[in-house]
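Just below is one structure, and these are the notes that go with it.
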Number of protein chains: 2
Amino acid sequence: MGFNMAIKKDFRVTLSPEEIPKKWYNIAADLKNIVPPLHPGTKQPVTAKDMEPIFCKSFIKQEMSMERYIPIPTEVREKYMLLNRPSPLQRAVNLEKALKTPAKIYFKREDLSPVGSHKGNSAIAQAYLNAKDGIHTITTETGAGQWGSALALASSMFDIDCTVYMVRVSYDQKPFRRTIMETYGSKVYASPSTTTEYGRKVLAQDPKTSGSLGMAITEAIEVAVKDPNIKYSLGSVLNAVMTHQTVIGQEVMLQMDKAEIEPDYMVGCVGGGSNFSGFAFPMMRQKILKKTDCEFVAAEPKAAASFTEGEYRYDFGDTGGMTPLLKMFTLGSEFVPSPIHAGGLRYHGMSPLLSAAYDQGLLTARAYDQTETFEAGVMFAKCEGIIPAPESSHAIKAAIDLALEAKAKRKAKTIVFSLSGHGLLDLAGYEKHIGGKLSSSSRSKK
Amino acid sequence: MGFNMAIKKDFRVTLSPEEIPKKWYNIAADLKNIVPPLHPGTKQPVTAKDMEPIFCKSFIKQEMSMERYIPIPTEVREKYMLLNRPSPLQRAVNLEKALKTPAKIYFKREDLSPVGSHKGNSAIAQAYLNAKDGIHTITTETGAGQWGSALALASSMFDIDCTVYMVRVSYDQKPFRRTIMETYGSKVYASPSTTTEYGRKVLAQDPKTSGSLGMAITEAIEVAVKDPNIKYSLGSVLNAVMTHQTVIGQEVMLQMDKAEIEPDYMVGCVGGGSNFSGFAFPMMRQKILKKTDCEFVAAEPKAAASFTEGEYRYDFGDTGGMTPLLKMFTLGSEFVPSPIHAGGLRYHGMSPLLSAAYDQGLLTARAYDQTETFEAGVMFAKCEGIIPAPESSHAIKAAIDLALEAKAKRKAKTIVFSLSGHGLLDLAGYEKHIGGKLSSSSRSKK
């Protein structure tokens with residue numbers, strides 16, 4: 001990679017623990033076209049009462065809030081420090097060299113969290129809110145295991161018993177993710193399980209089912225609904241989750257300010273939308289206020305291309321139709337994405353807040369095939385030393401394409417992308433890629 | 001874990017990239033009883049010429065140096081930044097609370113390296129020295145894979161072709177470690193392999209052999225010795241490796257100075273000795289100069305207790321008897337430790353420099369059973385969020401014991417330990433521990 005990289009002041013822009021943001025930014029206050037979730041039965045806007053059997057009151061208050069800023073409790077800011085917040089903003093000097101591009105490329109390092117991704121930013125907030133409301137038992141679902149690992153750690157921090165319903169196929173294929181959750185003290189069931197009515201029903205019909213995120217959500221909600229002392233927690237899609245994740249983007253803005261970085265593009269991967277929203281929303285407010293020309297680019301998998309192939313309409317958040325109806329870009333709640341390794345992006349819909357921003361033209365989207373994202377991930381690993389999560393490699397691929405477009409136009413563009421997590425728990429995908437056994441992901445259209 | 005941890009200035013002590021040390025510290029200049037390695041044939045001190053078929057000249061110069069300080073080339077300091085150097089010194093506030101101890105506990109975070117451990121500190125130095133000497137093909141061995149992963153990344157940084165001989169049993173049991181090395185562009189063979197005379201000979205005798213570190217070293221050296229354009233690289237034991245690792249301890253001293261931390265104990269795990277030496281030697285110099293009363297504690301596995309059960313004598317560094325004779329604490333070069341999960345500590349000997357320091361009474365040692373180290377590791381993970389490497393859990397166990405001793409004596413001691421790496425690639429051990437299937441490691445005495 002060459003011998004002459006200078007120790008530049010913008011190589012790694014760090015912040016002190018005192019600079020962890022003191023408030024979350026809720027973009028709902030700045031978007032024009034927000035519509036409420038609807039009750040699937042009455043088709044009327046969902047009320048707080050409707051949600052109380054599922055979520056704790058403090059969370060519901062945040063979920064329905066139209067306030068622009070929500071204070072971050074000191075207890076949450078303290079636990080954010082254990083996630084290595086504030087995380088560095090780093091320059092991909094060697095990637096720039098390898099691409100021979102005049103563009104500058106920076107990336108936000110959510111990979112440094114002990115749970116390996118950005119998911120902890122909302123997990124800690126939700127564990128705190130439940131503990132504050134006197135709730136010490138929560139349930140959730142997890143697919144690939146990123147969210148489950150994050151909530152398991154957050155639960156251990158706030159003395160909460162956490163039960164995770166893990167999609168059967170991941171439970172069997174990724175036993176180490178389960179081990180992480182169990183190390184943090186959580187109980188993990190393969191879903192569908194025999195612990196719920198719904199699970200027993202599904203197993204009776206199909207004992208060999210590989211499960212799905214939709215089924216796991218249904219089981220986790222069933223357990224919560226049946227006991228007022230148990231609440232449910234969700235790691236993406238919801239407004240409050242997007243808001244919690246804005247600590248990422250607020251840190252990035254402070255870091256860009258300190259290092260005098262003016263981004264032409266801000267890039268992130270999208271599944272349910274929590275990483276991209278958290279990374280982009282604070283800067284997007286500047287776009288809404290006409291204070292920046294920065295372009296926002298969402299990188300999605302062709303296997304679940306909600307933005308580039310979905311419709312903007314009301315749909316269920318889960319497959320079983322238990323959630324309220326959400327206005328979002330969706331491929332249909334019955335749609336099952338092909339089994340790409342970027343499990344965190346295998347979702348049929350898109351966060352209502354991010355969908356509204358897309359509908360307003362505040363961002364564009366690009367869809368990538370799994371094989372080209374792994375090629376981008378390996379190139380990044382060789383240049384910068386970090387093996388990225390397959391999800392994050394979608395953002396890397398988009399950043400590389402933008403850097404090459406800048407090279408073709410001989411323009412010194414500045415690209416900032418979100419490295420949502422590391423790939424040390426997704427090496428099976430790299431093994432297949434290196435062995436030439438990785439399948440190209442099919443288009444999501446059926 | 002409670003709600004009232006304050007954001008303290010000593011919670012996480014960070015340094016800027018400019019504060020990466022500018023020199024390595026070579027403790028050989030300060031120890032009284034250093035004796036040279038001997039040629040196994042002539043029993044005479046080994047000369048530089050003797051080593052030239054194996055190592056590149058610039059490395060040999062460092063290996064034989066008696067200079068107290070060796071300048072760190074700018075190119076190496078730049079690449080250290082990609083290992084997230086300088087790494088933070090962090091306070092284990094929640095562990096202190098859980099132990100109800102008056103002691104303060106701090107830990108140095110080598111777990112933040114993209115290769116997951118401290119090994120990169122010498123890997124980058126060795127890759128640079130080889131490239132500087134015009135060597136662009138190197139070989140090495142790896143057991144659990146920590147060193148192999150680090151050298152694979154370092155080789156990709158300096159355009160070097162790296163071939164790793166990985167102990168067969170690890171190659172089969174830890175395929176993901178191999179995937180990491182291959183992702184960085186290295187070639188990995190299961191050892192013994194058919195690519196060397198020695199390997200073919202062993203396989204002819206025992207086609208089903210699980211291999212050993214000794215065999216892998218022999219294969220890697222054979223390849224280097226046969227071609228003047230190929231050199232060999234080793235990740236521990238050697239003087240130069242200990243010296244390279246002192247970037248850890250120099251950072252710690254600067255961090256303790258900035259945060260006004262005065263350690264009563266500095267604790268690390270020991271296998272070949274590279275992490276403990278790098279962490280402790282700079283402060284140990286202050287001990288030699290009578291400028292500190294800090295006590296140094298080495299935590300070793302009962303399965304390979306070189307200090308507490310070994311003899312201080314000349315012995316081979318490998319099983320095959322191909323290396324020079326080294327004066328060290330050893331269990332005998334034929335000794336094969338039981339297969340504990342802390343693979344990085346499964347070595348029959350101990351670094352000659354660290355052995356000399358132990359012989360001079362500069363440190364004490366404690367040996368632990370694998371089950372008690374995993375219990376300590378899980379407690380640390382629940383408190384601080386980081387799942388430690390099984391090797392590092394030996395240091396954690398010793399730190400916890402010292403904190404409880406301080407509690408019993410009602411003394412507010414200050415303990416600083418080295419977290420040599422994370423455990424995300426060693427989760428099989430945690431899985432067994434949680435399932436109650438982890439075997440207690442047998443004493444090393446035969």
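Each chain gets a letter, A, B and so on, in the order the sequences are listed, and its residues count up from 1.
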Residues which pass side-chain hydrogen bond (donor to acceptor under 3.5 Å, both in side chains) with S16(B), listed by chain and number, not counting sequence neighbours
E18(B), E19(B)
Kindly compute the distance separating CZ (F374(B)) from OG1 (T183(A)), expressed to the nearest 0.5 Å.
9.5 Å
Contacting moiety of A428(A), where chain B heavy atoms sit under 4.5 Å:
both
Shortest non-hydrogen pair, R12(B) vs P86(A), comes out as NH2-CD, 3.5 Å
Checking an interface table here. Which of residues 111-123 of chain B come within a heavy-atom distance under 4.5 Å of chain A?
L112(B), P114(B)
Side chain, backbone, both or neither: which part of L425(B) has a heavy atom under 4.5 Å from chain A?
side chain
Less than 4.5 Å apart, any side-chain heavy atom of N94(A) and any of K79(B)?
yes
ring-ring contact (aromatic ring centres under 6.0 Å, His included) involving Y171(B) - partner list, sequence neighbours excluded
none
Give me each pair satisfying side chain to side chain donor-acceptor pair (under 3.5 Å) with a member in residues 425-434 of chain B, each pair once, sequence neighbours excluded.
K174(B)-D426(B)
First locate atom CD of E384(A), then atom OG of S156(B), and finally report the distance between them rounded to the nearest 0.5 Å.
10.0 Å
Turns out that what part of L424(A) lies under 4.5 Å from chain B's heavy atoms comes down to both
Please check if the side chain of Y184(A) supplies one atom and the backbone of A381(B) the other of a donor-acceptor pair under 3.5 Å.
no
Under 4.5 Å from any heavy atom of chain B, what part of T14(A) do you find: side chain, backbone, both or neither?
neither
Among V76(B), L83(B), L153(B), N84(B), who wins on heavy-atom pairs under 4.5 Å with chain A?
N84(B)
Between I434(A) and chain B, with a heavy-atom cut-off of 4.5 Å, which part of the residue counts as in contact: side chain, backbone, both or neither?
side chain
Toward chain B, the part of I180(A) with a non-hydrogen atom under 4.5 Å:
both
Quick check on the interface: out of R178(B), Q90(B), R109(B), who has the most heavy-atom pairs with chain A under 4.5 Å?
R109(B)
